[in-house]
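Here the structure is laid out as structure tokens; the discussion comes afterwards.
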Amino acid sequence: MCIKESVQDELVQEETKEHYEHGEDGYFSLIDEGIITKVKSQINGTCWVYAASSAMEASHKYIYGEDIEVDAIEIADAISLEDKSEGYF
């Protein structure tokens with residue numbers, strides 16, 4: 001089975017999976033979906049990369065049912081400019 005077929009099979013399985021239905025007030029919680037990721041302490045100016053890494057972790061757990069840990073600082077370091085005195089752009 002090739003990767004494309006495997007992904008298609010997973011998508012079909014996901015379509016049949018029961019999902020949490022939020023109320024009319026728009027309430028939605030990943031906790032109600034059973035998706036809880038590790039709490040992390042961020043440093044100044046990195047909230048965006050911690051949000052992105054948490055989203056990646058939650059998506060992976062939702063799709064595959066496995067916990068992973070994405071290092072936010074590694075992501076920030078990978079895209080930072082070496083010649084800038086502060087910030088990540």
(message) Any non-hydrogen side-chain atom of Y50 less than 4.5 Å from a side-chain atom of I75?
(response) no
(message) Test your reading of the model: is there a side-chain donor-acceptor pair from T46 to the backbone of Q42, 3.5 Å cut-off?
(response) no
(request) Measure the spacing between OG of S53 and NZ of K40 and express it to the nearest 0.5 Å. (result) 4.0 Å
(request) Sort and list the pairs that fulfil salt bridge (charged side-chain N to carboxylate O under 4.0 Å, His left out) and have at least one residue in residues 41-54, not counting sequence neighbours. (result) none
(message) Return the CD1 to OG1 distance between I31 and T37, rounded to the nearest 0.5 Å.
(response) 9.0 Å
(message) Taking the side chain as everything from C-beta on, heavy atoms only, tell me whether I73 gets closer than 4.5 Å to I43.
(response) yes
(request) Give the cluster check for V70 versus I36: same hydrophobic cluster or not, with ILVMFWY residues linked at side-chain heavy-atom distances below 4.5 Å. (result) no
(request) Taking side-chain contact (heavy atoms from CB on, under 4.5 Å) as the test, write out the residues that go with E66, two or more places apart. (result) H60, Y64
(message) The criterion is side-chain contact (heavy atoms from CB on, under 4.5 Å); which residues satisfy it with L30, sequence neighbours excluded?
(response) F28, I35, A58
(message) Could you work out, with salt bridge (Lys or Arg N to Asp or Glu O under 4.0 Å) as the rule, every residue matching D67, not counting sequence neighbours?
(response) K61
